[in-house]
Structures are given as C-alpha cells and as structure tokens.
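What follows is a single structure, written as structure tokens, with notes after it.
Within every chain, numbering begins at 1; the chains are lettered A, B, ... in the order of the sequence lines, protein sequences first and strands thereafter. All heavy atoms count here, side chains included; hydrogens, waters and symmetry mates do not. Just so we're clear, the structure is a prediction, and the values are computed from it rather than from any experiment.
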2 protein chains.
Amino acid sequence: MRFILKPRFACYIRTRIHRATDLAKAKRILKWQRDPAGMRLRILQAAKQEFSAHGLAGARVDRIAANAGANKRMLYYHVGKKDDLYLAVLEGAYEQIRVEERSLDLEHLDPPKAIERLIDFTWNYFIRNPEFLALLNTENLARARHLKRSTKVKSMHSPFVEMIRTVVRRGVESGDFVVAVDPVQLYISIAALCFFYLSNSATLSVIFGRDLLSKEARDERLAHMVALVLAALTGKSMAAFGRNKAPRLRAAAAQPVEAK
Amino acid sequence: MRFILKPRFACYIRTRIHRATDLAKAKRILKWQRDPAGMRLRILQAAKQEFSAHGLAGARVDRIAANAGANKRMLYYHVGKKDDLYLAVLEGAYEQIRVEERSLDLEHLDPPKAIERLIDFTWNYFIRNPEFLALLNTENLARARHLKRSTKVKSMHSPFVEMIRTVVRRGVESGDFVVAVDPVQLYISIAALCFFYLSNSATLSVIFGRDLLSKEARDERLAHMVALVLAALTGKSMAAFGRNKAPRLRAAAAQPVEAK
DNA sequence: CTAGAAATTAACCCGTTGGATAAATACTGT
DNA sequence: ACAGTATTTATCCAACGGGTTAATTTCTAG
C-alpha cells in the first residue's frame, strides 16, 4: 500500500491498491477522513473569497466547493444554500472586525494620538482585509437585504462610537480639541476617508492614470487623512501634522501621458 | 379599423383588423414604428437601472429588454452583448457627471465658498444619481476591468482637480487657507466623505439602527462634511461653520432598542 | 464487534439565461 | 410604385448553475 497526499488538502488520503487484480472495480479506491469543523472552515474561507471577488450573483457555488476542496453537497450540508452561505460569510466578517476593534484601547492615549491611532487602525484593517470592503459593497448593492435579517450582526455594536465619544470629550476638556464633534459623524468620516480610497482604488487609478496602491501613494494618503482630521479637531494647521504639501509628481499626474 | 395603444410605449401601435374573415392568420396584426435613436436611449436607460440595481452578474438581459419595451434582440442590434451594454452605461455615467462638473464654476467665488460649493455639488449629485454610485461599486468589484479598456473614459478628465488646485492657491494667497493641500488628495477626500455615506447608507442604517437618508440626517451630514474640510483648510474651529454639536438623538442612537 | 449515525462522494435534474437564427415589417430614395 | 435596406418581432437552443437525491464510507457508542 502506498499513500499519496492529495495536493491541496492533507486530510484527504488516497489509498492505491498495489497490484490490484480487479482493475475495473478497484482501480483506485479513494479514502477520506472526517473533519466537519475543518471542512466548515474551509468552506467559509472559500466562500469569502468567492463572494468578495465576484459579488453575490457572480459567485459560483461550484467554484466555492472546488476551492474548499469539497464536494458541492458539503456546502448545503454544513451551511445551507447560497444565500445562507453568503450571510454566514458576512456575519463572520463583521465578527472579525469587531473583535479587532475591541482590542484597540484608546482610553489612555492623549486625544490627538488616540484619533491618529484610530485612523491608522481603520486604514490598515481595510488594507489587510480587502474582502471586507468588497463584501460591504456587495451588501449595500443589495440594500442590506441580508444584513437586515441578521440579528447576530445587529447585536454586534462597534465599540468605536463610544471610544470616540470619550476621546472627544477628553480632548475638549484638555483643550486639545476645539470642538465637541458628533462621534457618529466622525466615525463615519474616518471610515469614509479610508474606505473610499481603497474600495475605489481600481477606478480611481484608471482615472488618474497612476497606481494609488503603491507604497508611496498609501503613505501619502494616510498622512493626508490624519492631517485633515486632526487639523479640523485641534484647530491647528494641517501642515503641523507631517508633510502635506503637493509632492513633486502632482503636475505630471494631472495629465497622464497615455490618455488618448 | 381601430387603433389601440400599447400600454407602456406610445410609439407602438396595434392595428386590429375589424371583422377579419381569416381568424387563424390575421387574428391580430401588430404594427410598429421605427425609432432607432429612441430605442437606443430606452435600452441604455433600462440597462443603467438594471446594472445599478443588480450589478453586472446579477443583471438580466431579458429584464433590460422588457423594461426598455423592446425585444431582446434589440439590445444586441443597437449596442452589443451584455458586457458592451454595461460598458456603454458606465461610459454614459461618467460622461454625464463630467458635463455637470464642467458647469460648476468655482473661479470667481472666494475660496472657502468655492470649497463649500464643491462639497455641496458632489453631495447632491450623488444623491440625485444613486445609480452612479452603484455602477462605480460594481466596476470596482470587477477591479475596473472594463474601465481599463475604455479609452473614452480615460480621456474624460474631471475638471475638479484643476479647479481645486487654483482655488487652493488663491486661498493660500488670500490668507483664507493655511495650507497648500494636494488637490488630488482633497478631491478624493471630498468624494470619499460623500460617497461612502450614501453608498453604504443601507448597511450603516442597519448598524446604527436609524435611517441615515432622512432629511435631517442628510442635512446634518452635509454640515459636518463642510465644517470638517473647511476647518482643516482655514485653521478655524469646526464650530465656526454651522451647528456641529452632537444633537439630542445621539444617546438613543447608540443603543438601538430593537437589537437582540 | 457491530449497528447506526455522521460525513462525504457521485450523479442527476431542470429552470434560467445569454446569445443566435430566421422571418416579418417599416421606411427611404428613386 | 417598388426595390432594397434598416429596424423589429418571434422562436429556438445549448450551456450553465443552483439545488437535490441516493449511495458510499467513516466514525463512535454500547
């Protein structure tokens, strides 16, 4: 007997009968192990990829199965129909970001530093999790039809609004901030500045004729966002928060050479 | 002879033969008018609706035909296959916004007023054209695959970057603005603040448990955005640009009653 | 050891959907 | 009038894709 590992998933073991006498029947006997938990995980991972890459309607159940190294039937067995699968992925995505959000403590940073930290986290979380952005866009295209049915997500409140509220209060008290801005608006604004740039980087890159995801472009963007928000909150000049002058490549960028 | 108007489109006229002798053959003779230009328009309009409502993969060619009051064959005759139709819609959408953008002259407004005007335009354009937001999201989900092939869109530069550049320069010279911010970054930031809020209003409304598209919510948002950007540019306090304190409903909003 | 439950594979079903073909009808210039 | 072309209608179809049914294999409790 010889054991051959299936290329992608070590849990599947093919057993080949050596010198089989009855080729027609026992030409190749496949064996497999049970691993419901692992299977479910791989299915959800593959589904996340698929849905974020193609949207809900564009996603293909067969592709999810294939990428999960599973039989299509497994999706229905472990999770449910396509819509259920999608919702499970969405809920998982929200759960994940909520967990990471909670790990961020802004309480004992001085207010401007706390806001900077918040922007930095949001920015990098989005960069590290592009699927999250895609999923949100897909869900909004569906007018949050699925999210509305999810009591699970509705109960997972972001801790950021309250964090921001206390940070802003402290900032105003300490004199660092000049205005008691609405925490919900600020939260949305910070998310907006990060989200839009990354989520729309593909079309924006075409329009501007340059790569918005290069290291320099990303660094420049982060600096701009931090300066914008902190300047508004503190009443200081944007220039006070790092380099923010128009860099050298601006003039060229406005007239991309290739166009027409 | 009797003329009966087809319910949806007046250009189609049904002619019924009165007292027809041969019922089998001439039971109902349909007549129609030619209107290639109008037909093309209706097709593109219907396609815009369909693609923005369902995305590229979710869009149904048959539905587009039906909503255009056309035979499915007409889509292929006048525009092309599904992908061509989609690209035509996308190009049309960009063309439309570019036209309106050009009609906005910021040249002879004083700089802060010009920026406010810019934000106001962007905000209201997005509100008036939700399909545009949806189309952009769809195209970004496809990583701008179609846009890249469109020389047409690439050649349609937004006049806003240059407008902002001159406005910022004037603002710095006049002393209204305290920083020579990069016009591309500012353009993206303004778009971001407006776009994200509206594009993601469905999921955000669920998360926050209230309607972000109500008149009050929209007004509040616009005021916040203007204050944020102008405060950063002018170095004045956000409070100087209209009411921006946390309104009365904030506390309730953080704890939506229905959750759980 | 063994029976029954849990997990997985294999094969099939059938409505949908993008796209194509062919025929019919309206318009235009001469 | 009429011929030829532009526009529109009416059918058809093959591939796809979500979902299901049934059989097969592994695991576990007793």
Side-chain angles (χ1 to χ4, degrees), chain A residues 3 6 8-17 25-43 46-47 50-51 54-88, chain B residues 3 6 8-17 25-43 46-47 50-51 54-88:
Chain A
F3 290 88
K6 208 176 175 186
R8 192 158 6 213
F9 305 102
C11 66
Y12 287 89
I13 297 171
R14 297 189 175 188
T15 309
R16 189 194 296 268
I17 291 187
K25 283 202 74 175
K27 56 181 177 181
R28 184 182 277 186
I29 296 175
L30 303 181
K31 299 216 164 177
W32 42 270
Q33 289 181 7
R34 288 185 179 184
D35 180 16
M39 175 67 90
R40 201 187 133 89
L41 257 190
R42 279 184 335 225
I43 287 173
E50 182 71 12
F51 285 123
H54 304 282
L56 177 49
R60 292 293 164 255
V61 174
D62 298 86
R63 266 197 307 244
I64 295 175
N67 289 332
N71 185 289
K72 185 166 52 161
R73 182 66 176 73
M74 290 290 87
L75 312 191
Y76 296 89
Y77 183 76
H78 286 287
V79 187
K81 61 175 74 179
K82 194 184 183 185
D83 264 15
D84 303 330
L85 203 47
Y86 168 76
L87 185 56
Chain B
F3 291 88
K6 208 178 177 187
R8 191 156 11 212
F9 303 102
C11 66
Y12 287 88
I13 297 169
R14 295 187 177 188
T15 308
R16 188 194 298 268
I17 289 185
K25 281 203 75 173
K27 57 179 177 181
R28 184 181 279 185
I29 294 174
L30 303 180
K31 298 216 167 178
W32 41 268
Q33 289 181 5
R34 288 184 178 185
D35 180 16
M39 175 68 89
R40 200 187 134 90
L41 256 191
R42 279 183 334 223
I43 288 173
E50 181 70 14
F51 284 123
H54 303 282
L56 177 50
R60 292 295 164 254
V61 174
D62 296 87
R63 267 197 307 245
I64 295 175
N67 289 332
N71 186 288
K72 187 166 51 160
R73 181 65 175 72
M74 291 291 87
L75 313 192
Y76 298 91
Y77 182 76
H78 286 288
V79 186
K81 62 176 71 178
K82 194 183 184 186
D83 264 16
D84 302 332
L85 203 47
Y86 168 76
L87 185 55

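Among the protein residues, A:K72 comes within range of the nucleic acid bases, having at least one heavy atom under 4.0 Å from a base atom. Within 4.0 Å (heavy atoms only), A:A37 reaches no atom of the nucleic acid at all. Among the atoms of the strands shown, none is found under 4.0 Å from any heavy atom of A:A57.
Look at OH on B:Y86: it is 19 Å from C1' on C:dT17, rounded to the nearest Å. If you take CD1 of A:I64 and C1' of D:dG19, they are 13 Å apart, rounded to a whole angstrom. Nucleotide D:dT28 holds its P atom 11 Å from the CD atom of A:Q33, rounded to whole Å. The CG-P distance, from B:D35 to D:dA6, rounds to 17 Å in whole Å. Regarding A:M74, its CE atom lies at a distance of 14 Å from the C1' atom of D:dG19, rounded to whole Å. Nucleotide C:dG18 holds its P atom 10 Å from the CG atom of B:L56, rounded to whole Å. A:N71 places its CG atom 16 Å from the P atom of D:dA22, with the value rounded to the nearest Å. D:dT8 atom P lies 4 Å from atom CE of B:M39, rounded to whole Å.
Between A:R60 and D:dG18, a side-chain N or O to OP1/OP2 separation shorter than 4.0 Å is present. Within the 4.0 Å cut-off from OP1 or OP2 of D:dT8, at least one side-chain nitrogen or oxygen of B:H78 is found.
With distances taken from any side-chain atom of A:K81 to the nucleotides D:dG19, D:dT7, C:dA10, the minimum falls on D:dG19. Among the nucleotides D:dA6, D:dA22, D:dG18, the one closest to any side-chain atom of A:Y76 is D:dG18.
Between the CG atom of B:N67 and the CZ atom of B:R60 there is a distance of 13.5 Å, given to the nearest 0.5 Å. With values rounded to the nearest 0.5 angstrom, B:M39 atom CE is found 9.0 Å from B:L75 atom CG.
Residue B:R34 comes nearest to B:P36 through the heavy atom pair C-CD, 3.8 Å, listed as atom of the first residue, atom of the second, then distance. Taking both residues in full, the closest heavy atoms of B:A65 and B:K72 are given as CB-CA, 3.6 Å, listed atom of the first, atom of the second, then distance.
Between B:R34 and B:D62, it is B:D62 whose nearest contact on DNA chain C lies nearer the 5' terminus.
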Going by atom type alone, with no hydrogens or angles, which donor-acceptor pairs under 3.5 Å involve a side-chain atom of residues 76-83 of chain B and a protein atom two or more places apart or on another chain?
residue, atom, partner, partner atom, Å
B:K82, NZ, B:L56, O, 3.0
B:K82, NZ, B:A59, O, 3.0

